[in-house]
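For reference, positions follow the sequence shown, starting with 1.
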Amino acid sequence: MSTLSTSSLRPLYTAAQVRELDRRTIAGGIESFALMQRAASSAWHSFRSRWPQARSVTVLCGGGNNGGDGHVLAALAMQSGLKVQRISLKPLHALQGDVARAAELATAAGVGLDEWQPSTTLTGEVIVDALLGTGLEGEVKGVVRHIIEAMNASHQPVLALDIPSGISADTGAVLGLAVEAACTVTFIGDKIGLHTGDAPAYTGEIDFRPLGVKAQAFFDIPPNAWRLDDDLLAEAFTPRSRISHKGDLGHVLVMGGAPGFGGAALLASQAAARLGAGKVSLATSPEHVAASLVRCPEVMAHGVRGGAEASMLPSSDVVVVGPGLGQDAWGQAILQSALQSELPLVVDADALNLLASRWSEVRRDNWVLTPHPGEAARLLGCSVADVQADRPAAARALQRERGGVVILKGAGSLVAGPSGLVVCPYGNPGMASGGMGDVLSGMLGTLIAQNDSLELAAWLGVIVHAQAGDDAAKNAGERGLLASDLASYARVLINP
């Protein structure tokens, strides 16, 4: 497989970093107003490609540069023959600099300008959100809150400029209230907050426009994170050698399935097999062995009554521990066996809860932890709300404290490792069902067994899992999507 590289990943930045990129671009010789015109022109192109039949538009402009983009877009819409309703948070005389110049440009193009009033009706077939941009700090309040409420209540499609107003560009959290956009056109540098947290419910399709700025040319402004791209799959999953045998392809040991909880371990085992492991073993409660033989006879199931048999660990290349583990004596013994080995580990579900409660000081570099927000909160000793308020910070904190690689699951799953933070933009609400995390754990086990880089294996596992879910949803819809549906779609993805 491929070695670890960010060459196939899109760089993501914080709001402050993008402002610095903007400043340096202007200092390098591009006039600030020319850059504003580029942004508006790009947004107008995006508008026209999505709503070619629209004959009217409402543009809501704030008092900052985001509002300036909106004023220029309003002029372009008027010049193209649309009926334009332009609404400003501030009167024309209160605007300054490029924003004032942009507003005057729109006025010269014949666009009317209205100040927002509580009685204002939004008349456009499409609404352009140019209110706040990335400069928002603190919760949305006052007049802006009323305008956002009106936009969302209009049920008209919204094009957000740079970021939906009310979304944090750094965390993806909703700051009180946010615009529900159908599309977001973001400029210069893609923002990490567009891809995780609450943001995926508000951004719609994300259209990145660099405006001719080569962000990565500024070497002293390294990306804050990276966005996974499906090009990574074609790079990683190259054809196998024609003389490969099962011993070359990794032996995954899944440890889990306490009495009465066998399904999770079976899902993980089957997923490991479908991702191409040479051999998969399962250490589970004896009562689940027969079910394993029926479900997936290729998995070598062993009934254990507490701790793995001594012969199982040395013959394995990686251990997946946690699916259906439980937190009683049986589960504790199983986890202790895994922790005593020096093998790479994938730690999930109740194994994470046991780490939080009984092995709170354990740290190692050769494991992948896969918490959902609740498990992450227990590991960090904080609330779920704290985790969700700043998912990037939570993922990084867990990785610093526990070592290895951390996958913080949820919308916009995050992978934190020694190389930095990676965001997965794929996945869908249909994956909010039992067993999805167990399938991810099994996939990770195989990829770790076949790859020298724990971090790259985590990236690949997250993207294969999410895209398999997307492909399954496209085939039959999101509702009723089962974890067991993913394995066959994942198999297609790893054989491009």
Side-chain angles (χ1 to χ4, degrees), residues 1-9 225-229 232-233 235-238 248-256 268 271-272 275-280 313-314 316-323 335 338-349 351-352 355 359 362-372 375-376 379 392 394-409 413-424 437-466 490 494:
M1 283 192 184
S2 300
T3 57
L4 184 65
S5 170
T6 57
S7 61
S8 296
L9 309 184
W226 301 86
R227 176 187 179 275
L228 286 171
D229 191 278
L232 187 65
L233 299 180
E235 288 185 16
F237 295 105
T238 54
D248 297 329
L249 302 173
H251 184 179
V252 179
L253 170 60
V254 177
M255 302 173 71
L275 259 284
K279 294 183 285 185
V280 180
L313 285 162
S316 305
D317 296 307
V318 60
V319 175
V320 177
V321 60
L335 179 56
L339 293 176
Q340 288 172 346
S341 81
E342 297 182 357
L343 293 172
L345 304 179
V346 179
V347 186
D348 187 28
L352 293 167
L355 281 184
W359 284 278
V362 175
R363 173 191 168 92
R364 56 195 292 170
D365 293 327
N366 66 336
W367 64 7
V368 178
L369 308 183
T370 65
H372 58 55
E375 292 158 347
L379 286 164
R396 288 185 171 109
L398 263 179
Q399 197 278 329
R400 283 195 305 271
E401 291 181 10
R402 294 289 188 158
V405 178
V406 171
I407 298 172
L408 179 56
K409 296 182 289 194
S413 289
L414 301 169
V415 184
S419 298
L421 191 68
V422 167
V423 183
C424 179
D438 306 310
V439 168
L440 172 61
S441 292
M443 292 179 175
L444 290 167
T446 290
L447 294 168
I448 292 169
Q450 296 178 353
N451 204 296
D452 292 334
S453 168
L454 200 71
E455 205 168 5
L456 178 57
W459 295 358
L460 293 171
V462 167
I463 194 172
V464 168
H465 181 258
I494 63 170

Minimum heavy-atom separation for [X] and [Y], please, with both atom names.
{"X": "Pro371", "Y": "Ala376", "result": "CB-N, 3.6 Å"}
{"X": "Leu355", "Y": "Arg402", "result": "O-NH2, 3.4 Å"}
{"X": "Arg364", "Y": "Ser341", "result": "NH2-O, 3.1 Å"}
{"X": "Pro418", "Y": "Gly404", "result": "CD-O, 3.7 Å"}
{"X": "Val321", "Y": "Ala351", "result": "O-CB, 3.6 Å"}
{"X": "Leu444", "Y": "Ala457", "result": "CD2-O, 3.8 Å"}

Before you tell me yes or no, could you show the steps for Asp348 and Lys409 under side chain to side chain contact (heavy atoms under 4.5 Å, CB included), namely the whole-Å CA-CA distance, both residues' side-chain angles and the distance that decides it to 0.1 Å? CA-CA 11 Å; Asp348 187 28; Lys409 296 182 289 194; 3.3 Å; yes

| request: Check step by step if side chain to side chain contact (heavy atoms under 4.5 Å, CB included) holds for Thr370 and Val347. | output: CA-CA 6 Å; Thr370 65; Val347 186; over 6 Å; no

Show your working on side chain to side chain contact (heavy atoms under 4.5 Å, CB included) between Leu460 and Asn451 and close with a plain yes or no.
CA-CA 10 Å; Leu460 293 171; Asn451 204 296; 4.2 Å; yes

What's the separation between atom [atom1] in [X] and atom [atom2] in [Y], rounded to the nearest 0.5 Å?
{"X": "Thr446", "Y": "His251", "atom1": "OG1", "atom2": "NE2", "value": "10.5 Å"}
{"X": "Leu454", "Y": "Asp365", "atom1": "CG", "atom2": "CG", "value": "9.5 Å"}
{"X": "Met255", "Y": "Leu345", "atom1": "CE", "atom2": "CG", "value": "9.0 Å"}
{"X": "Gln399", "Y": "Arg363", "atom1": "CD", "atom2": "CZ", "value": "7.0 Å"}
{"X": "Met443", "Y": "Asp438", "atom1": "CE", "atom2": "CG", "value": "11.5 Å"}
{"X": "Leu379", "Y": "Leu352", "atom1": "CG", "atom2": "CG", "value": "5.5 Å"}

Do the side chains of [Y] and [X] get nearer than 4.5 Å, heavy atoms only?
{"X": "Val252", "Y": "Val346", "answer": "no"}
{"X": "Leu9", "Y": "Leu228", "answer": "yes"}
{"X": "Leu447", "Y": "Trp459", "answer": "no"}
{"X": "Leu398", "Y": "Leu408", "answer": "no"}
{"X": "Trp367", "Y": "Leu339", "answer": "yes"}

I'd like to know if the side chain of Ser316 and the backbone of Val319 have a donor-acceptor N/O pair within less than 3.5 Å.
no

Chi angles and distances behind the side chain to side chain contact (heavy atoms under 4.5 Å, CB included) call for Glu375, His372: CA-CA 5 Å; Glu375 292 158 347; His372 58 55; 3.2 Å; yes

